[in-house]
Each structure stands twice: as structure tokens, then as C-alpha cells.
Peer 1: 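Here it is, the structure in full.
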Number of protein chains: 2
Amino acid sequence: MPASPRRATLATVAASAGVSVATVSKVLNGRGDVSPVTRSRVESLLEQHDYVALPQRRRGDAAVLDTIEVELDDDLNAYSTEIIQGAVRAGAEVDAAIVVSIRTDADRAGAWARGLATAGRRALVAVTSELTAEQLTALSRVRLPLVVIDPLNLPQTRGVTSVGSTNFAGGLAATQHLLALGHRRIAYLGGPATAACNQARLHGYRAAMEAAGAAVLPGYVRAGHFHYQDGVTGGAVLFDLPEAPTAIFAGCDDIAFGVLEAARARGLRVPEDLSIVGFDDTQVARMASPPLTTVRQPLREMGGVAVRTALRLAAGERVDSHHVELATELVVRGSTAPAPPEGSPRPPLTRHAVG
Amino acid sequence: MPASPRRATLATVAASAGVSVATVSKVLNGRGDVSPVTRSRVESLLEQHDYVALPQRRRGDAAVLDTIEVELDDDLNAYSTEIIQGAVRAGAEVDAAIVVSIRTDADRAGAWARGLATAGRRALVAVTSELTAEQLTALSRVRLPLVVIDPLNLPQTRGVTSVGSTNFAGGLAATQHLLALGHRRIAYLGGPATAACNQARLHGYRAAMEAAGAAVLPGYVRAGHFHYQDGVTGGAVLFDLPEAPTAIFAGCDDIAFGVLEAARARGLRVPEDLSIVGFDDTQVARMASPPLTTVRQPLREMGGVAVRTALRLAAGERVDSHHVELATELVVRGSTAPAPPEGSPRPPLTRHAVG
DNA sequence: CTGAAAGCGCTTACAG
DNA sequence: CTGAAAGCGCTTACAG
């Protein structure tokens, strides 16, 4: 390792190649008007000198290396991990870098947006976030395109491009699956009552129940925060109902995990005594015991679509649809089974009581 | 939204403020020699014009916005998610951006390193990766500092800064915990035999067994790939041993999840019939049924330390120790219990056979 | 404090 | 093909 000389510049390389700075610049930018001989000599000198360009400046409006900021509204979890994974893969395909950040509300909208632009971001992908009108304005002032993944409320979506999945169809499919297995007492343990995705799943559930003539008994629909603990607590409450459900449709996989644990604590066997369906199909769903039947959201694809759309917006292209919905799909694994026969004996209170 | 005029430059702002470009530049760079009145006028004009600086060039060697690249050797998983989380949080504290990427071996080392430098990265954090001598050379030629998290083999570590955790102590603690519960037939289901972290955990296990005079029976130590499937498969093999273990120490949480599933498939109850200890304490460990006893690796802290160290190296500071090890810690949850009494009846073959 | 001037690293018509 | 020259957006001594 040689002692640190100054970083090589175009002038350095030009001198050692015996050409002008202009010529080196042309080689660097892949222009056609350089002889092959000169080009290859300059290229090898560039390499020998470990030439590193200044952080790329734009020519016109195009950047040499695109950078997209993916902003989360909270700590990373299994859900956002899948989205990031998809974004990173999609970025790699088009040579765009993905910056991951977690939203802090400290900054004023103007400074926040200008900061993103100054840092050279080409676009912003916001996951699950609620952007204020101020923030939207600030972004548009610095010409930063925005794509929202799974927007919290759809009305906000006016003028904002967003990516989601077919939550209603997913809720419908999950519930129909349970109905087809003979369940009638099916409960829904969901996320925030105000979140658009949760409402759509809930409506899917209600639609399926209604179509099948199955009653949604009092207490069968509960809201939460899409957290594991909601499943533990909510599951326990449901088990205590006079007419306890034989199946639970959870608004996300984390909730389903909580229900699994609530069932275990109560000595209920899954799927023999209780069927559970999750939502998302994050990596852990297949690692549950039993492996979780769940509604797959194509989260990686959603991350990828968001990045590609953001890049197209940044390039000034018009995007024809302002809300893309990717298809959900029911994945049947081991946590669902036919309903226990009506009037079958209630399961023992705790497993330990059995042994 | 006004029709897109050209982006504001220093000259634009200077003209509208009635000062020279030099003065605007000084305001932008927070220099002291500007009168408060001028400064605030210029600042407000800068804002009015939505001035966005060119992608920051370096002054001397310092960049205005630091960017660290965190490179993974594979798709995101629960383990790397925790590290990224820690890196993003640590970056936010010092106003550094975190780019997440997944290594592809397509690029030649030189082009790869130069690409990182050209993109303006200040340092590279490599997770679990094995860097070739060529890549190390290429990085040093473009003066890109490197920090490796959980390096695959320690010898490589010569001249490379790395961050890990006390794997030996963790393996020891996990095994001692099981021994203290009365287990003697304890197996180890690990990761790649060549991985340094796996070796350390294995040695911790062996040390504890030896100290307690407990025999490591033939077939009790298995290697794998730190994957869920290794737990499913390896668990099944262990259960078939003439002297099946009463406890399994898994090399990571994913393997432990696999063992949990193998046990369920075999009708073994956890922790009554079989105790399981994992390693990592990723977010899902507490979501297992039963919640997983595991050795906590401070993955977020490791990500944070790596970022801070990388930044210090980039700033030209000397780092006194070239391998930092953070402490692991045993977290006892529900997947471990006292060993079943010696000679207790073997559990039924499958749970379904019971019902 | 302020700004004219020199300079930096780079790109781009344009003349040869 | 090549390069002198003009230009761009910015920073930094330095003179006032």
C-alpha cells in the first residue's frame, strides 16, 4: 500500500496517458469519438490510478447512479424485511442503490424533503406511512417523486402513486377456506380499525361469512396493532367467549403466532381443536409449528414494483395507474383442518393438566 | 406547482438576494464571516428557491453526508434484519445513510470497489462475508475502509476490522443451562463446520459437557447451514438415535424452529419431553410456541458498532482493537425444562395416534 | 463583513 | 479522432 498521495483526477490520468483532459473525460463517459487505441490506453491508466469520479453530478436530469430512499414508519420487522428485500433486488437489476431509513418526525417537512434531494435521492418509497399534506408539498417542490406501499388510508392516495395488494380478496379467500373446512364459528383478529388494508381484509371476511349464512357472533371481530401480543391477548379473550370460535382468521402472521401461543397456553391443539389462518406469508410463516396457513401478500414484488415505479417517475415518465394492486394468494399449510364435530367435548384447560 | 424551471443554482439565489455567489456559498457552508442579517435573508431565499446542492463533493476528505454500504452475502433474513436495524439507527444518529445491498459475484474486484467509491460510499460493512484477498486489495486501493460483522473465518481478520460476539461463552452458557436442568443427553445441531462462529459455539458446548462429565454420544454433533430445514431434518435423525437426546442446542434460532417442528411431527412435547435452546434471539424467538430459550446475540448493537467503527476509519482515525466482541446472554423462556426422569416411557410416535 | 478573482474538477460544443 | 477553449457550479484565500 503506497503512502496516501492525492486522489487521482482527470488531469493526473491525462498527463500519464499523454492526452488531454477532454479525451479522458470522453472515455469516462463512453463517448464514441475516441480511437480504440486511445480508449483502451486511457482505460487501463484510469484503472491503474484507481480513478474515482467525484460523486456523480447530474447531466441534464439523469443521474449516473440512482438512489432510492425506502422509508419505514417503524423498526424493521418480518413484513418490512420482505419489502426491503424486493426493493434491493429490483434496485440491483437497474443499478440503483437502496437507502433504508426509519422515519423520525423531528424534521420539518421542508428541511426533510430538501435533505433527501441534497443527498441525491431520485425518489422516495414510503412503507405503510401516512404523509402529511405538507410533506407531499415539500416533496413536489424539490421534484422528488413518491410511491407509497400499502398506504394507511386510500383517500390520501389522490395524486399519490401507491402499491398494495388485494386485501379484500385475501380476506375472502381465507374465510372461505375455513368455511369449506366446515367451520362456522370464525373470528377475525385484526389490526388498526382505521387502516385501509385492515378494513379490506375485514370486509372480505364479512362478505364470506354473509354469503355462507354464518353469523359473526358478538365479540368475534377485534382490532389491534398487527402485533404478536394482540394475538396472545385476543386469542385468550376469544377462548373465553360463551361460544368460542373453532377458527381464527388473523390480520397478519405475527397475530397468528400470538394466537398459536394463546392456544398452546390453553391446551388447545392446532389444528385439531382450533384452525388459524394468518396474513402476509412472511418468512416465519413456514417456520411455525404447525406451519401456518396464510394469505400470501407478494411483499417482495410490491417492493420491486415500488422501486421500478419510483424510478420511472424520476425519469419523468407518466405512470398510467396511480394505485397498483398485486394479487394475494391463499397458502394452505398445517394450521387449518376440518372443524371439530359440533358438540365435541371442550378441550382440557391446560396441557399440563393432561400429562 | 409551477412549471418546471431550471433548478436553482447559487447564482440564482445570489441574484435574488442581491449578494455575490461567494456569500451564498459561505451561508451554505455555515462559515462565520457573514452578517446575521445577510445570513438570514440568504437562508430564506435558499428555501424559497428550494435550493438543492449538487450531490455533495468532498472538501478535503470529509463528505457532508456520509453513506455506508451494508453488504449481505444472501437474502435478508431475521438475523441480518436485526443487524440492518442497528446500522440504520446508528447511522441516523450521526446523519449517515445506510445503503443495503446483496453481494453478487458478477463484478471483478477492481470494478466492484471502484463502483462503491464512485457512488460516494465512505465505508463498507460486510455481513458474514468472506472477502477475497483481491477484494481487500481493491478496497484499500480506493481507500474504502471495511468492517466485517461475524467474519466466517478469523484468520482472515488480519488487518481487517471485525465485529462479533462471544460465541464460545454463549455455547457454554446454553449447555450449562441444560446441564443444570438435569439433562445429560444433549446434542448440538450447528451450522457450517468451517464457520468460525459455529466452531466457537460448538467448542463452548463441548467444554461444558466435558466439565460436567457428560458424554457427547456418537451422532450428537451435526453440521448444517444455519437453516430451518437443518433443524427439521437433523431433529428427526437425532430422535431416531438409540439413545435419543433429551435436549438439543441449536446453532441458531431458525434451526431451533426446525427442531420444534420435528418434535411436533414426532409427537414430542416441548419442553416436557424435549428441551431446545436456540442462538441469536431474533425477533421471532419470542414468538415461537413455546417461546424459545436462546442465546441472545446483540445483533443490533453489532450493526451499530460496525457503522460507528466504519465511520471512524473513514475519518482517518486509528481504531485500537481490530476485533470487537460483544457479550452474548442466555435468555430463558419456555422451551427448556428439567430433564424427564431417566427411563421414563418413550413418548407416543405421533400426536394423532393419541387423539 | 463582502465580493472580485483565481481555482478546482469536470463537460461540451467546435475547430482542425 | 483530438484538444484548446469556454463554460458550469462551486469554494476559498485575500484585499478592502
Side-chain angles (χ1 to χ4, degrees), chain A residues 4-65 114-115 117-120 142-143, chain B residues 4-65 114-115 117-120 142-143:
Chain A
S4 239
R6 288 214 60 51
R7 191 157 231 138
T9 71
L10 284 205
T12 322
V13 176
S16 80
V19 298
S20 72
V21 167
T23 301
V24 181
S25 170
K26 287 173 190 171
V27 170
L28 217 44
N29 294 293
R31 303 218 168 270
D33 54 350
V34 182
S35 80
V37 177
T38 306
R39 177 185 303 281
S40 79
R41 184 154 43 93
V42 169
E43 274 171 351
S44 90
L45 257 347
L46 242 13
E47 189 155 335
Q48 271 177 47
H49 285 276
D50 295 310
Y51 176 78
V52 167
L54 279 188
Q56 292 299 347
R57 57 180 69 200
R58 319 253 157 120
R59 341 179 208 149
D61 250 356
V64 171
L65 181 81
R114 245 174 287 119
T118 302
V142 296
R143 300 183 182 75
Chain B
S4 241
R6 291 216 53 54
R7 192 158 229 134
T9 71
L10 284 204
T12 323
V13 177
S16 79
V19 297
S20 72
V21 167
T23 299
V24 180
S25 170
K26 286 173 190 170
V27 170
L28 217 45
N29 294 293
R31 303 218 167 269
D33 55 347
V34 181
S35 78
V37 177
T38 306
R39 176 184 305 278
S40 78
R41 183 155 43 93
V42 169
E43 274 171 350
S44 89
L45 257 348
L46 241 14
E47 189 153 337
Q48 271 176 48
H49 286 276
D50 294 310
Y51 175 77
V52 166
L54 280 189
Q56 293 298 345
R57 58 179 69 201
R58 319 253 158 119
R59 341 178 207 150
D61 251 355
V64 171
L65 181 80
R114 246 173 287 119
T118 302
V142 296
R143 299 186 180 73

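Throughout, protein chains are lettered first and strands after them, A, B, ... in sequence-line order, and every chain is numbered starting at 1. Remember, predicted model here, so these are calculated numbers, not experimental data.
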Peer 1: Please state the C1' separation for the pair dG7(C) and dG3(C) - nearest whole angstrom.
Peer 2: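 The answer is 16 Å between these two C1' atoms.
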
Peer 1: Please test His49(B) against Thr12(B) for side chain to side chain donor-acceptor pair (under 3.5 Å), starting from the C-alpha separation and ending with a verdict.
Peer 2: CA-CA 8 Å; His49(B) 286 276; Thr12(B) 323; 6.0 Å; no

Peer 1: In Å, rounded to the nearest 0.5 Å, how long is the span from CZ of Arg41(B) to CG of Leu46(B)?
Peer 2: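 Here the rounded value is 12.5 Å.
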
Peer 1: Nearest-Å distance, CG (Leu46(A)) to P (dC10(C))?
Peer 2: 10 Å

Peer 1: Is there a Watson-Crick or G-U wobble partner for dA13(C) with both distances under 3.5 Å, and if so, which one is it?
Peer 2: none

Peer 1: Taking only N and O in the side chain of Ser25(A), is any of them less than 4.0 Å away from OP1 or OP2 of dT11(C)?
Peer 2: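 It does, given that an N or O in the side chain of Ser25(A) lies less than 4.0 Å from OP1 or OP2 of dT11(C).
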
Peer 1: Please report the closest heavy-atom contact between Val42(B) and Val13(B), naming both atoms and the distance.
Peer 2: O-CG1, 4.4 Å

Peer 1: For Val21(B) versus Ala11(B), what's the shortest heavy-atom pair and its separation?
Peer 2: CG2-CA, 3.9 Å

Peer 1: What is the pairing partner of dA4(D), taking Watson-Crick or G-U wobble pairs with both distances under 3.5 Å in any strand?
Peer 2: none

Peer 1: Which atoms form the tightest heavy-atom contact between Arg39(B) and Arg31(B), and what is the distance?
Peer 2: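 Of all heavy-atom pairs spanning Arg39(B) and Arg31(B), the closest is NH2-O, 2.5 Å.
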
Peer 1: Strictly under 3.5 Å: I want the nitrogen or oxygen pairs between protein and nucleotides 1-5 of chain C, one per line.
Peer 2:
unit_1 : atom_1 : unit_2   : atom_2 : d
dT2(C) : OP1    : Ser35(B) : OG     : 3.4
dT2(C) : OP1    : Thr38(B) : OG1    : 2.7
dT2(C) : OP2    : Ser35(B) : N      : 3.1
dT2(C) : OP2    : Thr38(B) : OG1    : 3.2
dG3(C) : OP2    : Ser20(B) : N      : 3.3
dG3(C) : OP2    : Thr23(B) : OG1    : 3.0
dG3(C) : N7     : Lys26(B) : NZ     : 3.2
dG3(C) : O6     : Lys26(B) : NZ     : 2.5

